Amino acid sequence: MNSSFPKAAFLQKNANGTFRVELNMACSALIDPSAIVLESHKSGYVDLHDLDEDRQPYELAELVPADDMRELAEKAKMIADELAPLS
């Protein structure tokens, strides 16, 4: 589901500094699940494939900054190494 909201943002200051607040992300986070629940209530089901019109698979690496992806990979390897003796 793609939101038709224009990109809206503002800067917010707090004790830790200034950060950018993305309103369109917050709106999408509320509206998209609401639409799914409404459709499910109306028709009795929701085909999750219909939610992505292009049906393109998304790679996590495309959505996450490289440093975060490296940290995630390191943690996943540590978990896999700990679980390896159990299998």
Side-chain angles (χ1 to χ4, degrees):
M1 290 187 161
N2 291 329
S3 226
S4 60
F5 287 102
K7 292 204 177 222
F10 61 92
L11 297 179
Q12 177 70 40
K13 292 184 181 182
N14 67 10
N16 296 323
T18 302
F19 60 95
R20 183 179 170 94
V21 177
E22 299 280 346
L23 294 178
N24 61 315
M25 289 179 167
C27 291
S28 291
L30 294 173
I31 291 173
D32 291 350
S34 299
I36 294 169
V37 170
L38 180 62
E39 179 62 29
S40 177
H41 181 71
K42 179 181 170 191
S43 65
Y45 72 96
V46 174
D47 183 355
L48 296 179
H49 290 103
D50 290 343
L51 301 179
D52 184 7
E53 295 165 354
D54 297 331
R55 294 188 184 188
Q56 297 292 323
Y58 295 103
E59 294 291 331
L60 181 60
E62 294 173 6
L63 306 173
V64 177
D67 289 341
D68 292 348
M69 197 65 204
R70 278 192 270 295
E71 182 181 344
L72 180 64
E74 289 170 7
K75 288 179 180 179
K77 179 158 180 7
M78 286 184 346
I79 291 169
D81 290 344
E82 287 182 25
L83 293 175
L86 301 175
S87 58

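Just so you know, these numbers come straight off a predicted model, no measurement behind them. Hydrogens, waters and symmetry mates play no part in the numbers below; they use all other heavy atoms, side chains included. We're numbering straight along the sequence, starting at 1.
- Under the side-chain hydrogen bond (donor to acceptor under 3.5 Å, both in side chains) criterion, Ser34 pairs with no residue, sequence neighbours left out.
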Side chains of residues 65-73: which donor-acceptor partners sit under 3.5 Å, not counting sequence neighbours?
residue : atom : partner : partner atom : Å
Asp67   : OD1  : Arg70   : NH2          : 3.1
Glu71   : OE2  : Lys75   : NZ           : 3.0

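- Scored by the side-chain hydrogen bond (donor to acceptor under 3.5 Å, both in side chains) test, Lys77 finds Asp81 as partners (sequence neighbours excluded).
- Ile36 and Val46 make their closest contact through O-CG2, 3.4 Å (heavy atoms, listed as atom of the first residue, atom of the second, distance).
- For the side-chain contact (heavy atoms from CB on, under 4.5 Å) test, residues two or more places apart in sequence or in another chain that qualify with Ile79 are Leu83.
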